[in-house]
Each structure stands twice: as C-alpha cells, then as structure tokens.
Asker: 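Mind looking over this structure? Questions follow.
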Protein chains: 2
Amino acid sequence: MSQQRPGGQSGQPGAVPALPDLPEATVARLPEYLRALHNLAETGHDTVSSEGLAAAAGVNSAKLRKDLSHLGSYGTRGVGYDVALLIEQIEYVLGLTQRRAVALVGVGNLGHALAGYAGFATRGFRIAALFDADPSRVGEQISGLVVRHIEDLAEIAAAESIAIGVIATPAAAAQSVADQLVAAGVTSILNFAPCVLSVPEGVDVRKVDLAIELQILSFHEHRKASLTSLPATGPTGGLTALPGGLSATGTEEAVGT
Amino acid sequence: MSQQRPGGQSGQPGAVPALPDLPEATVARLPEYLRALHNLAETGHDTVSSEGLAAAAGVNSAKLRKDLSHLGSYGTRGVGYDVALLIEQIEYVLGLTQRRAVALVGVGNLGHALAGYAGFATRGFRIAALFDADPSRVGEQISGLVVRHIEDLAEIAAAESIAIGVIATPAAAAQSVADQLVAAGVTSILNFAPCVLSVPEGVDVRKVDLAIELQILSFHEHRKASLTSLPATGPTGGLTALPGGLSATGTEEAVGT
DNA sequence: AACTGTGAATGGATTCACAGCA
DNA sequence: TGCTGTGAATCCATTCACAGTT
C-alpha cells in the first residue's frame, strides 16, 4: 500500500498524488465505480467492501482492487473503502471537481436528445452551447439554449472556456466540424458520427457508433444460432468444441467495452 | 478455406459453415471495417490494400491483416482485398445477411432519437416495435411506428421474431425492462441506461453510457492540464477549487499519449 | 515489386493467491 | 477473522518482421 508520489513526500493525510498515470482500461472503469458509489452513498452506505462495490459496478473484486490500488487509494483492511472518500478521490482523478463546459454540434435527432440528456448535467458537465450549420436551425431554442451558427464557435468556445466538444452531425460534416472544434481550442471530442476523424496530436477523440454496437450484438446472435443448430464442430480446421469457448456474460459481469 | 457466400440463400442454420471463433477485439472492429469498405465501394474502389483499408478504418495495417486473417479471408498478395467480397464475408460473419428486428423500449428523449436514427435502418437493422411503460405515451406515433405498452412486449416479440432489445429508459426501470425482454425471448441487449444489468447466462449485454464517455475525456483533459502546470495537489476532504482552471486557449501542442 | 498471412516478440490487462494489516 | 494491496502467473492483444505468393 505504500505509494510513491513523484515530487515531494509530505505526509499530508488523505492527500492524493498528482496524477498517477493509470492504465487506460482502469480509466474507462472509474466512471462506473463512481456511479456505483453514488448509488451506495444515496442508500446510506458509509463503507463498502471491494466485493460489494465490484458487484455494484459489474466487475470482479480482484480487478476492482487492482484498479483502485493504481489510484493509491486507501481502503481499510478488514473493513473496506470509505464511500465518501473514494468518491472524492475518483472525482478528483477524473477531473470532475470542476464542472466542465461542453459544446454540442449538430442539433438533429440525436443532438436534440443529447442537449436534453440530464445525465450530462448530473455527472459533471454543463452543455454550454449548441451549434448547427443549418441556418434554419439557428435561433431555435433547445433546453434553454439558443442554437448558434457554427461560425460563432471559436468566439463562444473561448468565452465559455470550452475544452470538450460533442459531434452529433451527419458523417459528411463531421471532419469539418472536428477541424473547427480544434481550431477553437477544443482538445477532447466525443464523436457520434459514423466516421473516422483525423485530429492533431494532443487532441483526444472517443467514438460512439450506435449501429456498431448493434452489429457486435448481431455477431453474437449469429454465433449463438449457429451453435444451437450445429452442436458438433463444423467442417474445416479441427475446431475445438470446448464448452469454455463462450464469452460468459453471467449474472455478475454484464458489461464490456 | 471453403467459405461460401451468403448470397440469396435462406438463413437456414444447417447450411452455413461454422463461425470461426474470433477474438472479441476483432469482432469489435469488424463493423468499422465494414463501414469503411462501404465507403470505398461507393467511391468506385474495387480492391484495397491493407494499408488503405486500415487508414480508412483508423487502425494500423498489421492489426487489420491479423483481424482479417482470423476470418480465413483471402486477399491477393501483391494486390490487396476485393472490396465487394470482403463486404460479403464480414456481413456474413456479423450475421447481417438478414435484417434483424429490434425492439426499442423507452421513448423519452433518447428513445425518440434512436427510433428515428437512420443508421440502424441502413446498417442491418429494423426497429420493429417501440414500447413504453407510461400510458400517456402509448399510442403515440414515432417514425411510422405506434408506441405499445410494455405489457405487449412478449406477444409482439414473438410475432416479429425479435432477438435484440434496446433499453432507453431511466436507470430505475432498466432492470425490470431487461427481465421482461429476456422473458420475451430477447438474447441481446443494448443498454443506454446508466446501471448494471443482471441477466441470465447466454444473454449478451452491451452498455453505452454517454456520461461515462465524457468522464473518460475529462480524465484526459485533467491530465493534459496537470502536465502543463501544477505539480501536486489533491482534495483532503474539503474541496478546494483546483488552481489554474484551464487555459482553453490553443495549446494543441503538448503531450503524446 | 508489391502485398498478404503469420510465427515470434512484445506489451497490457486480468486473474490468482497470499502476505500483511486492522 | 476479514479484508485490502500486490507480486506472480496467466491470458489476450498488438506489433514486428519476414517468408511466401501473385
């Protein structure tokens, strides 16, 4: 449990090291832990064991402990983790101690829904501005915000200190929008358009493609169907008919990314 | 390998070759390759090199070749891959030779958007029915479909051969909806509600949590900011606003990964 | 000459199993 | 005793580099 921190070892109790560089897989799970912790806090739990939190987050406990150990986080042996403290630590690491301003570009079908999505507001973000390229949409009011023309992006992004952009435009427009976001100083992009974006070094892009998620499920449907109708191994290549071949999506683990 | 084409044959399972069991990471990338291939086909390309396809899909060429080799797919050395053939192979493996019926539960903000999302229709899926638990929403017409009460789910799922369900309800309702989907014979679930679902073995769940995606980006923002400025600070219980908010100005020069 | 397919090497992530602390 | 934190072992994924094919 002894953790080293780069630069200074003041024995400040409860202090968190600067920013440990976490494995990406860990980073991707921290938000899920955070959500589970908030649930626990609301239901009156002050402490929680790794087993309990792992169950609430849909992972196994060894993974959870390893993830938290990367934070340098302290649980108490024999007891568990302090819920409130762990929430603080994770929120700090994720940079959620400030409410981050987000620009949303594209107020079509999906954009409308995102603009109204309460989950953003309740989990650390503030949609600070809406943009669209279609003049007939500019001026429209959505969830208390007026849609601005994309040309105003740079100006507003600077004024509102916007560092995160969400692209909810058609694929054809996405690269151009990304370029404009980057030019306006945005360094993180969440892209809902079904296309690859190219951005300069130092800009992070995450992609959410709804159809791709369904296609992955479709693969598993296809495989399940082919397994039930072809109990024995298929032709070609000496397949292993091992029962362990299934990707177990049991009652405890139901999530993947 | 004697991989036959899906072609106009019926979806009779006995007639098709067994599916190779692909690494999950490969499965998750195949839809992206497929999208890139469709783009290439539309722009008149008959063949494509691993280098070219990799660029279009946003991966490196070694990974792409390894992925495709798992399919048993044949490119031609010295030439590349046949675009049309590769599309067929990937669509076959992903189970997209049939248009799969999908049930969408929850027609709130997000549900509305999903119901109208053209990408589902153009990429292998048919939204066959909409459901909601709120009686005031039942009967409403969205994108040509009438919203049904969730109680009718089992009946309609059977009639429409629905094996895939999408949950776009609030978190509080999601587990109950998942149970009902499973009871209705659904074996794959795409969950947009921010919660962990528990489902029986054999049911696949994928989760999309929009706030989590932003929180992951937030982490990277935080890290970028901490690299360019402050050394070490942390919350010691009382939240002190972090020094140096964020200089949103430019600065796309900085870190690597 | 150009490109694929793949064994081998590397690097990450997950899991195991237990030492050590409350 | 009950639980965390962590080295060691294992598993999976990525990358390298080149043999082999057209």
Side-chain angles (χ1 to χ4, degrees), chain A residues 1-5 13 16-17 20-30 32-33 37 45-55 57-83 85-86 89 216 237 240 242 244-250 252-253 255-257, chain B residues 1 3 20-30 32-33 37 45-83 85-86 89 216 256-257:
Chain A
M1 89 159 134
S2 57
Q3 43 152 13
Q4 56 273 17
R5 45 194 299 209
V16 171
D21 64 344
L22 307 170
E24 265 303 304
T26 295
V27 172
R29 281 186 296 263
L30 289 180
E32 191 68 48
Y33 302 157
L37 284 164
H45 297 73
D46 290 344
T47 66
V48 64
S49 68
S50 66
E51 199 64 57
L53 180 52
V59 303
N60 70 54
S61 63
K63 195 186 289 182
L64 177 109
R65 286 199 304 278
K66 180 75 84 177
D67 282 340
L68 294 188
S69 80
H70 285 121
L71 298 190
S73 131
Y74 291 177
T76 308
R77 293 172 197 232
V79 178
Y81 300 91
D82 182 282
V83 171
L85 178 60
L86 199 46
Q89 287 185 316
I216 294 169
T240 54
L242 292 180
L246 274 182
S247 81
T249 315
E252 307 214 334
E253 298 217 14
V255 179
T257 295
Chain B
M1 178 176 277
Q3 181 103 342
D21 64 345
L22 307 171
E24 265 303 303
T26 296
V27 172
R29 281 187 296 264
L30 289 180
E32 192 67 49
Y33 301 157
L37 284 163
H45 297 73
D46 289 344
T47 66
V48 64
S49 68
S50 65
E51 199 65 55
L53 180 52
V59 302
N60 70 53
S61 64
K63 195 186 287 186
L64 178 109
R65 288 201 302 279
K66 180 74 84 176
D67 282 340
L68 294 186
S69 79
H70 285 121
L71 298 189
S73 133
Y74 289 177
T76 308
R77 290 167 199 239
V79 178
Y81 299 91
D82 182 280
V83 171
L85 178 60
L86 199 46
Q89 288 185 317
I216 294 169
T257 37

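Just so we're on the same page: letters track the sequence lines, and every chain starts at 1. Bear in mind that the values here come from a model prediction, so they are computed numbers and not experimental data.
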Asker: How close or far is atom P of C:dA17 from atom NZ of A:Lys66, stated in whole angstroms?
Answerer: 14 Å
Asker: Does a nitrogen or oxygen in the side chain of B:Asn60 sit under 4.0 Å from OP1 or OP2 of D:dT15?
Answerer: yes
Asker: Counting distance alone, no hydrogens or angles: does the base of D:dT22 have a donor or acceptor under 3.5 Å from a partner atom on the side chain of B:Arg77?
Answerer: no
Asker: By nearest heavy atom, map A:Gly78 and B:Val79 onto DNA chain C; which one lands nearer the 5' end?
Answerer: B:Val79
Asker: Send over the distance from A:Leu85 CG to D:dT4 C1', rounded to a whole Å.
Answerer: 14 Å
Asker: Output yes when at least one side-chain N/O atom of A:Thr76 is less than 4.0 Å from OP1 or OP2 of C:dA22, else no.
Answerer: no
Asker: So does A:Tyr74 get a side-chain nitrogen or oxygen closer than 4.0 Å to the phosphate oxygens (OP1/OP2) of D:dC3?
Answerer: no
Asker: Roughly, in whole Å, what's the span from OH in B:Tyr81 to P in D:dT22?
Answerer: 14 Å
Asker: Below 4.5 Å, heavy atoms only, C-beta onward: do B:Leu37 and B:Leu86 meet side chain to side chain?
Answerer: yes
Asker: From NZ of B:Lys63 over to P of C:dG12, roughly how many Å is that when rounded to an integer?
Answerer: 13 Å
Asker: Can you tell me the distance, in whole Å, between the CG atom of B:Leu68 and the P atom of C:dT6?
Answerer: 11 Å
Asker: Measure CZ/B:Arg29 against P/D:dA13 and give the value in whole Å, please.
Answerer: 8 Å
Asker: How close or far is atom P of D:dC16 from atom CD of B:Glu51, stated in whole angstroms?
Answerer: 12 Å
Asker: Quickly work out the B:Asp67 CG to D:dT14 C1' distance and round it to whole Å.
Answerer: 10 Å
